[in-house]
Structures are given as C-alpha cells and as structure tokens.
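Data first, discussion second: the structure below is written as structure tokens.
Note that ligands are numbered from 1 as they come in the structure, with each ligand's atoms numbered from 1 the same way.
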Amino acid sequence: MEMIPRPRTELAPGAVHVPDWLDPGQQRMLVRACREWATGPAGMRAARMPNGAVMSARTVCLGWHWYPYRYSRTLDDQDGSPVKPFPSWLGDLGRRAVADAYGDDFDAADYRPDVALINYYDDSARMGLHQDKDERAPDPVVSLSLGDTGMFRLGNTENRNRPWTDVELCSGDLLVFGGPSRMAYHGVLRILPGTREPDIGLDRGRLNITMRVSGLD
Ligand SMILES: O=C(O)CCC(=O)C(=O)O
Ligand SMILES: [Fe+2]
C-alpha cells in the first residue's frame with residue numbers, strides 16, 4: 001500500500017480501477033487459495049498458442065478451462081482431466097467487486113461469474129495486448145492483482161494502437177472492465193520486481209485473477 005492514496009479512476013468508459021480494494025488479510029487468503037489451485041495434477045501451465053509460441057505467464061483455470069482460443073470443461077491441452085470447480089465464495093467476491101466499481105451503473109446482483117483464470121507472472125513474464133473474447137456473454141471482467149506490481153495497458157476496442165492508458169496494478173487492486181470497454185485490448189507490459197507489499201505470502205512475482213461470465217453451458 002502506498003503512503004499517498006491512489007485515487008479510484010475510470011480509465012475509459014466502463015473500465016474502473018479501484019486501488020487497494022483488497023485488505024492484506026483478503027490478499028493473503030487469495031494467495032493461499034491460488035497456491036492450492038496452482039498445485040498439480042492439472043496445475044498451472046504456460047499455454048501454447050496455435051503458432052507454437054508459449055505464453056510467459058502460467059495459468060490455471062476454474063469453472064471452465066481456457067486454452068487458445070476456447071473454453072472447455074476438460075483440460076484438453078493438458079491431461080484431459082476435469083477443470084477445477086469455480087467456488088461460490090469467489091463469485092460473491094466478484095459481485096462485490098462489480099458493485100463497488102460501478103455503483104448503481106450496473107446491476108451487480110445479477111453478476112454471476114463462472115470462470116476464473118489465475119495467471120502467475122515471474123519477473124520477466126508479460127502478456128501481449130489481446131481482447132478477452134472467448135466468452136459469449138457481455139458481462140464485465142473482474143481483475144484482482146496480488147504481489148508485485150504489474151504495468152498494465154488498457155487500450156481501445158478497435159486495435160492495438162493508441163489511444164491507451166497505462167496503469168500500475170498493485171497488490172490488492174481491483175480493475176473492472178465492462179460495458180463499452182468490455183472488448184478493449186489490454187495486456188501486461190512488465191512486472192516491477194520487488195514491489196510487492198504488504199507481506200501476503202508471495203515471495204516473488206505477480207498473481208492476477210480474472211473472473212468472467214462464460215455464457216456457456
Ligand atoms: O494479468 C493481468 O492483469 C491481465 C490478465 C489478462 O488479461 C487475462 O488473463 O486475460
Ligand atoms: Fe485478458
């Protein structure tokens with residue numbers, strides 16, 4: 001947490017950054033949960049893109065398993081085992097996140113995320129600009145950051161060029177992007193090693209949890 005409070009910011013219409021949304025106890029609890037989800041079998045892996053390139057972030061999924069570029073109930077690009085369940089408490093947290101970010105602008109009570117992607121970034125990992133577009137529902141994406149700060153870029157919905165807004169996502173920060181920003185290109189430019197604070201049980205690197213509504217059944 002910073003000494004100088006960072007303001008809550010609307011980065012673009014429908015994209016709201018709420019710094020320090022999670023208190024240290026909640027962050028610690030989430031790190032513990034991520035550790036459990038990351039453990040094998042069917043643990044974290046670096047997804048392979050259709051062109052053969054391997055992502056530098058490592059990912060584990062809950063509810064629906066994502067691999068480039070679709071969702072499945074089974075880990076088709078790993079051992080074929082069933083995806084880990086999406087816990088209802090995580091959905092509750094996602095609903096509170098949308099309610100806090102949007103206030104009355106969106107009926108958060110109806111927000112029912114059924115997918116989470118947990119990404120782990122080591123010091124050199126990044127994530128190229130992309131859209132989250134394998135979901136079939138228009139609902140917002142909820143993003144929670146833990147550990148080292150990530151330099152995040154929120155672009156426009158048309159292409160990977162400007163305009164964009166760069167923002168540091170620090171441990172405990174919430175970002176919700178929905179509405180007119182739901183299809184915004186976004187990515188992680190770099191990790192700022194050694195910036196994690198407070199002690200939440202993550203010695204290095206950055207965790208990011210995104211919750212989404214798949215629109216699948
Ligand atoms: O790590 C982040 O902040 C973004 C992750 C992301 O964009 C994704 O998982 O699709
Ligand atoms: Fe994304």
Side-chain angles (χ1 to χ4, degrees), residues 9 11-12 14-22 27 30-31 34 37-38 44-49 53-71 77 83 86 90 94 97 101 113-157 159-160 164-178 181-193 195-196 202 204-215:
T9 313
L11 303 174
V16 180
H17 175 215
V18 187
D20 302 316
W21 188 69
L22 297 163
Q27 295 177 50
L30 282 171
V31 168
C34 289
W37 295 324
M44 277 196 160
R45 61 87 173 84
R48 185 175 289 276
M49 318 305 278
V54 175
M55 289 177 63
S56 57
R58 298 164 59 79
T59 308
V60 64
C61 307
L62 310 176
W64 287 91
H65 178 70
W66 179 84
Y67 63 100
Y69 292 98
R70 61 190 223 89
Y71 283 111
D77 62 339
V83 68
F86 182 99
L90 192 59
D114 63 340
V115 191
L117 268 65
I118 294 102
N119 292 309
Y120 176 75
Y121 299 78
D122 65 19
D123 291 357
S124 61
R126 303 179 307 122
M127 191 175 287
L129 287 180
H130 64 278
Q131 295 168 300
D132 292 353
K133 62 178 179 189
D134 296 322
E135 301 77 25
R136 307 270 165 77
D139 304 69
V141 174
V142 167
S143 151
L144 299 171
S145 292
L146 300 163
D148 280 340
T149 299
M151 184 59 79
F152 182 87
R153 175 165 294 175
L154 184 81
N156 63 79
T157 56
N159 55 48
R160 292 178 173 81
W164 59 55
T165 305
D166 292 348
V167 62
E168 287 186 0
L169 294 182
C170 304
S171 199
D173 286 10
L174 164 67
L175 173 70
V176 178
F177 55 99
S181 286
R182 176 61 181 78
M183 285 296 145
Y185 281 89
H186 59 277
V188 177
L189 305 176
R190 64 182 182 281
I191 303 302
L192 308 180
T195 47
R196 70 203 158 276
L202 189 64
R204 34 181 340 119
R206 169 178 185 259
L207 284 165
N208 176 265
I209 303 173
T210 54
M211 288 180 241
R212 306 124 186 253
V213 177
S214 70

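In this structure, atom 9 (O) of ligand 1 lies nearest to the protein heavy atom N119 ND2, 2.8 Å. For atom 3 (O) of ligand 1, the nearest non-hydrogen atom of the protein is R206 NH2, 2.9 Å. Remark: minimum distance from atom 1 (O) of ligand 1 to any protein heavy atom is reached at Y121 OH, 2.5 Å. In terms of protein heavy atoms, atom 8 (C) of ligand 1 is closest to R212 NH2, 3.3 Å.
Between S143 and ligand 1, a contact under 3.5 Å exists for no N or O pair. Close N/O approach between H130 and ligand 1 is found [any backbone or side-chain N/O within under 3.5 Å].
In this structure W37 satisfies the side chain to side chain contact (heavy atoms under 4.5 Å, CB included) test together with A33, C34, V60, L62, P87, W89, L90, I118, sequence neighbours excluded. Considering only residues two or more places apart in sequence or on other chains, R48 meets the salt bridge (Lys or Arg N to Asp or Glu O under 4.0 Å) condition with none of them. When the side chain to side chain contact (heavy atoms under 4.5 Å, CB included) test is applied to D123, the partners found at least two apart in sequence or on another chain are D148, P193, R204.
Not a single heavy atom of Q131 lies less than 4.0 angstrom from ligand 1.
Distances below 4.0 Å separate heavy atoms of V188 from the following atoms of ligand 1: 1 (O), 2 (C), 3 (O). Atoms of ligand 1 found under 4.0 Å from any heavy atom of M127 (numbered from 1 in listed order, with element): 5 (C), 6 (C), 7 (O), 8 (C).
A heavy-atom distance below 4.5 Å is not found between the side chains of V176 and V18. You'll find the side chain of F177 reaches within 4.5 Å of the side chain of D132, heavy atoms only. Contact check for L174 versus V142: side-chain heavy atoms found under the 4.5 Å cut-off.
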Give the intermediate values and the outcome of side-chain contact (heavy atoms from CB on, under 4.5 Å) for residues H186 and W164.
CA-CA 9 Å; H186 59 277; W164 59 55; over 6 Å; no

Under the side chain to side chain donor-acceptor pair (under 3.5 Å) rule, what do D173 and S145 come out as? Steps first, then yes or no, please.
CA-CA 6 Å; D173 286 10; S145 292; over 6 Å; no

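D134 pairs in a side-chain hydrogen bond (donor to acceptor under 3.5 Å, both in side chains) with only one of the listed residues (Y67, Y69, W66), which is W66.
For M151, no heavy-atom contact with ligand 1 is shorter than 4.0 Å. Contacts with ligand 1 closer than 4.0 Å are made by side-chain heavy atoms of D132 only, the backbone lying farther away.
Below 30°, between 30° and 60°, or above 60°: for Y71 and W64 the angle between ring planes is above 60°, a perpendicular geometry.
Only protein N, O or S atoms were considered, and those under 2.8 Å from the Fe ion (ligand 2) are H130 NE2, D132 OD1, H186 NE2.
A salt bridge links R153 to D166: at least one charged side-chain nitrogen sits closer than 4.0 Å to a carboxylate oxygen.
Of the listed residues (N208, I191, L117), the one carrying the non-hydrogen atom nearest atom 2 (C) of ligand 1 is N208.
With a 6.0 Å radius and a threshold of 12 heavy atoms from other residues, nucleotides or ligands, R126 has its CZ atom at or below the threshold.
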